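A quick note: this is a predicted structure, and the numbers were derived from the prediction, not measured.
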Amino acid sequence: MYGTQGYGENARALADQYESITFADVHRDVLHLFPHPPARVLDVGAGSGRDAAALATRGHRVVAVEPTDSLRAEGMHRHEGKAIEWVDAQLPALKGLAPRAERFDLILLTAVWMHLDEEERQVGMEALASLLAPGGRLSLSLRHGPVPTGRRMFEVPAEETIALASLSGLCLVHSVVREDMLGRADVRWSFVVVEKP
């Protein structure tokens, strides 16, 4: 199932790991580019719901997409009572979102994009661009480093992601490389923000 293998059986431990880093720390380099509340936000690959919960607490209307049942259940449990709509949908096409007329002011893909192969990234970028409202922004983080055992992951350069976004009519707003938030010396992250004119 695309890039979700290795996640379901470790849902609780992974959720603990995700929740050990704050939303503000993860997104510190791009947070100033996020819209002011109340905005319509889509968190794709929401995992434990850390980002979705932080955005809901700030007053945004949040839809959290998580295709792994056990991770989605973890997120719903950990952030019960938060104004988050949880959806079972999966990249690249995000068919579970197809019936919606809603377009989003911010779409987040935190540590998700590198699980898709080249063809899936092309389909995925088109799907994401179609879900953005005019002026809406897409924020992606890309992991660079050794692939953990049992995971499906690809080396995805920021430059490729920016070019792919451009083909879908999105313009670069910001790109930055930073250290790993869990202190792994052999892992780095790119953060890319693009916008629908």
Side-chain angles (χ1 to χ4, degrees), residues 3 7 14-68 71-72 74-76 78-79 82-87 91 94 103-116 121 124-125 128-129 131-133 135-145 153 156-162 164-165 170-184 187-196:
Y7 285 87
L14 286 169
D16 287 343
Q17 179 181 305
Y18 302 154
E19 297 284 335
S20 74
I21 311 168
T22 68
F23 167 80
D25 282 344
V26 172
H27 299 284
R28 69 175 189 225
D29 297 299
V30 294
L31 204 50
H32 65 286
L33 300 169
F34 291 3
H36 295 293
R40 298 158 298 176
V41 178
L42 179 65
D43 185 7
V44 178
S48 67
R50 175 201 62 212
D51 294 352
L55 288 160
T57 298
R58 286 165 166 77
H60 295 292
R61 298 198 324 270
V62 182
V63 176
V65 170
E66 177 48 58
T68 304
L71 261 180
R72 192 171 59 253
E74 276 289 327
M76 293 170 78
R78 287 172 188 251
H79 301 291
K82 294 276 192 323
I84 303 169
E85 179 188 348
W86 287 88
V87 175
L91 284 164
L94 293 169
R103 293 296 170 263
F104 297 92
D105 305 305
L106 175 66
I107 300 178
L108 280 185
L109 280 89
T110 307
V112 170
W113 196 240
M114 66 277 176
H115 291 298
L116 305 180
R121 292 194 298 271
M125 188 62 77
L128 293 165
L131 289 166
L132 275 177
R137 289 177 172 168
L138 167 62
S139 179
L140 307 99
S141 66
L142 311 169
R143 183 187 190 278
H144 310 290
M153 211 175 276
V156 183
E159 295 76 16
E160 178 209 282
T161 305
I162 293 162
L164 199 55
L170 307 179
C171 305
L172 178 64
V173 175
H174 189 75
S175 180
V176 66
V177 179
R178 63 177 285 192
E179 80 287 349
D180 180 59
M181 289 146 277
L182 293 171
R184 295 168 292 198
V187 175
R188 294 187 69 70
W189 294 84
S190 295
F191 282 74
V192 173
V193 179
V194 292
E195 182 177 79
K196 187 171 198 169

Original post:
Run the salt bridge (Lys or Arg N to Asp or Glu O under 4.0 Å) check on R28 and E179 step by step: do they pass?
Top reply: CA-CA 12 Å; R28 69 175 189 225; E179 80 287 349; 2.9 Å; yes

Original post:
Do T161 and M125 pass the side-chain contact (heavy atoms from CB on, under 4.5 Å) test, and can you show the C-alpha distance, the side-chain angles, and the key distance before you say yes or no?
Top reply: CA-CA 9 Å; T161 305; M125 188 62 77; 4.1 Å; yes

Original post:
Looking only at atom types and distance, does a side-chain atom of K82 sit under 3.5 Å from a main-chain N or O of T57, one as donor and one as acceptor?
Top reply: no

Which atom of [X] lies closest to which atom of [Y], heavy atoms considered:
X: I107; Y: L128; result: CD1-O, 3.6 Å
X: M181; Y: D25; result: SD-O, 4.3 Å
X: V62; Y: A56; result: CG2-N, 3.6 Å
X: V192; Y: I162; result: CG1-CG1, 3.8 Å
X: G75; Y: W86; result: C-CZ2, 3.6 Å
X: A24; Y: L31; result: CA-CD2, 4.3 Å

Hey, are the side chains of [X] and [Y] touching, using non-hydrogen atoms and a 4.5 Å cut-off?
X: V63; Y: R40; answer: no
X: R61; Y: F104; answer: no
X: H27; Y: T110; answer: yes
X: V187; Y: L182; answer: no
X: L91; Y: H115; answer: no
X: D43; Y: L55; answer: no
X: H174; Y: F191; answer: no
X: L164; Y: W113; answer: yes

Original post:
Are R50 and V26 close enough, and set up right, to give a side-chain contact (heavy atoms from CB on, under 4.5 Å), and what steps lead you there?
Top reply: CA-CA 10 Å; R50 175 201 62 212; V26 172; 3.7 Å; yes

Separation of [Y] [atom2] from [X] [atom1] (nearest 0.5 Å):
X: D51; Y: T22; atom1: CG; atom2: OG1; value: 9.5 Å
X: R58; Y: H36; atom1: CZ; atom2: NE2; value: 12.5 Å
X: L132; Y: R103; atom1: CG; atom2: CZ; value: 9.5 Å

Subject >> Evaluation steps, side-chain contact (heavy atoms from CB on, under 4.5 Å), between E74 and E66 >> reply: CA-CA 11 Å; E74 276 289 327; E66 177 48 58; over 6 Å; no

**OP:** Describe, in one word, how the ring planes of F34 and F23 are oriented to each other, choosing from parallel (under 30°), tilted (30 to 60°) and perpendicular (over 60°).
**Re:** tilted

Enumerate donor-acceptor pairs with a distance under 3.5 Å from any side-chain N or O in residues 137-145 to protein atoms, sequence neighbours excluded.
| from | atom 1 | to | atom 2 | distance (Å) |
| --- | --- | --- | --- | --- |
| R137 | NE | E195 | OE2 | 2.8 |
| R137 | NH1 | L33 | O | 2.9 |
| R137 | NH2 | E195 | OE2 | 3.1 |
| S141 | OG | A111 | N | 2.7 |
| R143 | NH1 | P146 | O | 2.6 |
| R143 | NH2 | P146 | O | 3.4 |
| H144 | ND1 | E155 | OE2 | 2.6 |
| H144 | NE2 | S190 | OG | 2.7 |

